[in-house]
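None of the values given here were measured: they were computed from a predicted structure.
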Amino acid sequence: MVVDGVSEVAEECVDRLFHALSDTTRRDILRRCVRDDLSVSRLAEAYPMSFAAVQKHVAVLERAGLVVKQRRGREQIVRTDPDAVGRARQALDELEAAWCGRVERMSHLLAQDVEPDAHDPTEGQI
């Protein structure tokens, strides 16, 4: 299925991306990993939740392509994918462009509706 030139696969990727970013903890994990590559266990120390819960948050970020995990010895290191933030920005830019185009078309239609009344030849006649 294609909607306005965007494939269903691309839409699913954007859905996963924004689902991952919709959670405060996941956004915080992402911020921490942007500053430094951290192990999942080190990340878990920062949150009042179980290690397994933090692993699940990291898995959501990984499915969305926002982070990648690398095994380093016994630890799994979480690294951000800098291109992922660009994909999120691109998706938002596309939405903004669509809305701006919509507003522009509405403004144009409203201006067309006003113009015929402004030049009404019967105006002022009794």
### Message
If we count only N and O atoms by modelled type, under 3.5 Å, do the side chains of H108 and E104 hold a donor and an acceptor together?
### Response
no
### Query
Do D36 side-chain atoms and L38 backbone N/O form a donor-acceptor pair below 3.5 Å?
no
### Task
Calculate, to the nearest 0.5 Å, the distance between atoms CZ and CG belonging to F18 and L95 respectively.
6.5 Å
## Note on the structure
Separation between CG (D23) and CG (L61), nearest 0.5 Å, reads 8.5 Å
### Task
Determine, using the 4.5 Å side-chain heavy-atom cutoff (strictly less than), whether L21 and V60 are members of one ILVMFWY cluster.
no
#### Entry: From CG (L17) to CZ (R63), nearest 0.5 Å
13.5 Å
Can you give me every donor-acceptor pair (side chain of residues 64-76, partner residue at least two apart or in another chain, under 3.5 Å) with its distance?
unit_1, atom_1, unit_2, atom_2, d
K69, NZ, Q76, OE1, 3.2
R71, NH1, R74, O, 3.3

### Query
In the single-linkage hydrophobic clustering (I, L, V, M, F, W, Y; side-chain heavy atoms under 4.5 Å), do V40 and L30 co-cluster?
yes
Donor-acceptor contacts under 3.5 Å from residues 41-56 side chains, at least two apart:
unit_1, atom_1, unit_2, atom_2, d
S41, OG, S39, OG, 3.1
Y47, OH, D28, OD2, 2.5
Y47, OH, I29, N, 3.4
Y47, OH, R32, NE, 3.1
S50, OG, A53, N, 3.1

